[in-house]
Amino acid sequence: MCGIVGIVGKSNVNQALYDALTVLQHRGQDAAGIVTSHDGRLFLRKDNGLVRDVFHQRHMQRLVGHMGIGHVRYPTAGSSTSAEAQPFYVNSPYGITLAHNGNLTNVEQLAKEIYESDLRHVNTSSDSEVLLNVFAHELAQRGKLQPTEEDVFAAVTDVHNRCVGGYAVVAMVTGYGIVGFRDPHGIRPIVFGQRHTDEGVEYMIASESVSLDVLGFTLIRDLAPGEAVYITEDGKLHTRQCATNPSLTPCIFEHVYLARPDSIIDGVSVYKARLRMGEKLAEKILRERPEHDIDVVIPIPDTSRTAALELANHLGVKFREGFVKNRYIGRTFIMPGQAARKKSVRQKLNAIELEFRGKNVMLVDDSIVRGTTCKQIIQMAREAGAKNVYFCSAAPAVRFPNVYGIDMPSAHELIAHNRSTQDVADLIGADWLIYQDLPDLIEAVGGGKIKIDKFDCAVFDGQYVTGDVDEAYLNKIEQARNDASKVKTQAVSAIIDLYNN
């Protein structure tokens, strides 16, 4: 889960890129970066940390140019060092910078090809740098001194032919333009829009529509699976379908947790999808326990609030804010290590005793991944005087790791992996646990005005849409992703090791 943005404007775009990344900060808090282009030269600033901490006035003053791209990152593949911060750069051909959201599932094969056939060196363990070198190689194969949109689209076609996984990309070709493209399954989101100024039309590409809204851009549409958009430096827009057999299977977890509620993804309002999740949960509760004794519904801030409100409305139960959130603590889901997550929960939330004392409380969260956070929150509710604590997940049980750009842990660190609902309830300390049913989640997200027939639901059902994920691959990421391994091998680069062997 990362955030990407690209802007071709009529004046300096540094402030607009900064503002867009701030809006997309929820997609990654590990690192941030911006690169701009002016008179054939690149100006780059990137480092670990939040957007507000990475960019100071002295950095912004140096980021000149009316064209640029930006990125906010959390670590999926690779370590959490500043060397992994994006955008990445290669000087040949033309000078190309790239920022990427997602994950390539055939990255080891690509890294070997890049080194042995393309004769290119990759300096980090990031699959984004691998993707950049693939794109740069394919664009260089055109052999043009000045690339045209046809050359750019041909290069993207070749990227699709070589790369497997989920990816949304913005890349800047120095002095020529910015290209955005999406994997042939449309797993990760990417949109583009425009705004009119006195100087002319400006264009923006971003992970979520909310970043366009905040900057005054009008959403044109999402990129289709396999599609690319190319905006030249002088402001001409070109689009092209670059995949042979594209099919829309977007990641459903974007609507559950990742995206902001005020975003629209593939024509579906995230806010309305979450409202429908609450409706479906209420219907399930009424089926299973029509004589329930729930006194109050309390959301776990912030992502679950929309679903919890609609759930309470359909149950005819009071909705109350029972937790106060410290907004200066990061999202625990994306913290690199179990110890940091455990420490942060108490710092992040504090219970309002008035809403818990002597009541049967239904807590609502967007999902349960490791179970660490909800276990502590349930304990906090009991300490605040709750009589019974019930727990409701707006998503089904997360039983499988994600391989397309969400750093969910190894399968054995997922609390629901090979466990029943009652097992999970016992482990987290809930008097009653209820999960959303997967068909209901699919209907909630895909059942609006825009019909989406199929989603990537691999974290719930283990069905990986790219068709190349087998037990051997999952075992490999198990070794790379478990928390103990991250602590021990944070500085180790798997791809560089590949070169040395």
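- Asp222 contributes a side-chain N or O that, together with a main-chain N or O of Asp266, makes up a donor-acceptor pair within less than 3.5 Å.
- Taking the six-membered ring for Trp and thresholds of 30 and 60 degrees, Tyr464 and Tyr404 have ring planes more than 60 degrees apart, a perpendicular arrangement.
- Minimum heavy-atom separation, Ala224 to Gln241: CB-NE2, 4.4 Å.
- Within the 4.5 Å cutoff, side-chain heavy atoms of Asp127 are placed close to those of Asn103.
- Here the CD1 atom belonging to Ile285 is positioned 4.5 Å from the SG atom belonging to Cys392, to the nearest 0.5 angstrom.
- Taking every heavy atom of both residues into account, Pro87 and Gly33 meet most closely at CD-C, 3.7 Å.
- Interatomic distance, Cys251 SG to Ile406 CD1, rounded to the nearest 0.5 Å: 4.0 Å.
- Lys46 has its side chain within reach of Phe88: a pair of non-hydrogen atoms, C-beta onward, lies under 4.5 Å apart.
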query = Given Thr22 and Arg52, is the side chain to side chain contact (heavy atoms under 4.5 Å, CB included) satisfied, shown in steps?
reply = CA-CA 8 Å; Thr22 301; Arg52 66 173 184 237; over 6 Å; no
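- Using a 4.5 Å heavy-atom cutoff, the side chains of Leu315 and His292 are in contact.
- Ser367 places no side-chain N or O within donor-acceptor distance of the main-chain N or O of Val369, the cut-off being under 3.5 Å.
- When side chains are defined from C-beta on, Asp456 does not count as touching His185, because their heavy atoms never get closer than 4.5 Å.
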inquiry  = Apply side chain to side chain contact (heavy atoms under 4.5 Å, CB included) to residues Lys375 and Ile378 and explain how you reach the verdict.
reply    = CA-CA 5 Å; Lys375 182 177 181 179; Ile378 289 169; 5.9 Å; no
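- Take Thr218 and apply the side chain to side chain donor-acceptor pair (under 3.5 Å) test, not counting sequence neighbours, and it matches no residue.
- Considering all non-hydrogen atoms of both residues, Ala411 and Glu478 come closest at N-OE1, 3.5 Å.
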task = In sequence, state the C-alpha distance, the side-chain angles, and the governing distance for Leu427 and Arg419, and then conclude on side chain to side chain contact (heavy atoms under 4.5 Å, CB included).
result = CA-CA 10 Å; Leu427 285 171; Arg419 290 191 177 103; 3.3 Å; yes
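- In terms of modelled atom types and a separation under 3.5 Å, the side chain of Thr249 and the main chain of Lys454 share no donor-acceptor contact.
- For the salt bridge (charged side-chain N to carboxylate O under 4.0 Å, His left out) with Glu227, the qualifying choice from Arg221, Arg182, Arg240 is Arg221, the only one to do so.
- In plain terms, the two heavy atoms of Leu21 and Gly70 that are nearest each other are CD2-C, 3.7 Å.
- Around OH of Tyr473, the count of heavy atoms belonging to other residues, nucleotides or ligands within 6.0 Å exceeds 12.
- Donor-acceptor pairing under 3.5 Å is recorded for the side chains of His160 and Tyr167.
- Considering all non-hydrogen atoms of both residues, Lys280 and Ala444 come closest at CG-CB, 4.4 Å.
- Taking 4.5 Å as the limit, some side-chain heavy atom of Tyr390 sits within range of a side-chain heavy atom of Asp293.
- By the 4.5 Å heavy-atom criterion applied to side chains, Ile300 and Thr373 are not counted as neighbours.
- Residue pairs satisfying the salt bridge (Lys or Arg N to Asp or Glu O under 4.0 Å) criterion with at least one member in residues 299-309, sequence neighbours excluded, are listed as follows: Asp302-Arg305, Asp302-Lys325, Asp302-Arg327, Arg305-Glu321.
- Note that CG of Asn402 is 8.5 Å distant from CG of Leu258, once rounded to the nearest 0.5 Å.
- In this structure, the side chain of Ser209 engages the main chain of Ile264 through a donor-acceptor pair within 3.5 Å.
- The backbone N or O of Leu275 sits nowhere less than 3.5 Å from a side-chain atom of Thr306 that would complete a donor-acceptor pair.
- A pairwise comparison of heavy atoms in Ala228 and Val156 identifies CB-CG1, 4.1 Å as the closest pair.
- Salt bridge Asp431/Lys387: absent, no basic N to carboxylate O contact under 4.0 Å.
- Under the 30°/60° scheme for interplanar angles, the aromatic rings of His255 and Phe455 are found to stand perpendicular.
- The side-chain heavy atoms of Pro250 and Ile265, taken from C-beta on, include no pair separated by under 4.5 Å.
- When ring centroids are compared, Phe323 and Phe356 come within the 6.0 Å threshold.
- Arg399 contributes a side-chain N or O that, together with a main-chain N or O of Ala416, makes up a donor-acceptor pair within less than 3.5 Å.
- Judged purely by atom type and a 3.5 angstrom limit, Gln436 uses its side chain to pair as donor or acceptor with the backbone of Met277.
- The side chain to side chain donor-acceptor pair (under 3.5 Å) search around Asp19 returns Gln15, not counting sequence neighbours.
- Remark: Arg274 CZ to Leu311 CG distance equals 15.0 Å, nearest 0.5 Å.
- A donor-acceptor distance shorter than 3.5 angstrom exists from the side chain of Ser207 to the backbone of Ile4, with no hydrogens or angles considered.
- Side-chain contact check for Val179 versus Val169: every heavy-atom pair is 4.5 Å or farther apart.
- The distance from atom CD1 of Ile69 to atom CD1 of Ile7, rounded to the nearest 0.5 Å, is 11.5 Å.
- A donor-acceptor contact shorter than 3.5 Å links the side chain of Asn106 to the backbone of Arg162.
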Evaluation steps, side chain to side chain contact (heavy atoms under 4.5 Å, CB included), between Val5 and Val23 = CA-CA 11 Å; Val5 60; Val23 175; over 6 Å; no
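- Note that CE of Met172 and CD1 of Ile231 are 12.5 Å apart. Values are rounded to the nearest 0.5 Å.
- Judged purely by atom type and a 3.5 angstrom limit, Ser304 uses its side chain to pair as donor or acceptor with the backbone of Val364.
- Between Arg188 and Glu254, at least one side-chain N (NZ, or NE/NH1/NH2) sits under 4.0 Å from a carboxylate O, which counts as a salt bridge.
- Between the side chains of His314 and Glu283, no donor N or O sits under 3.5 Å from an acceptor N or O.
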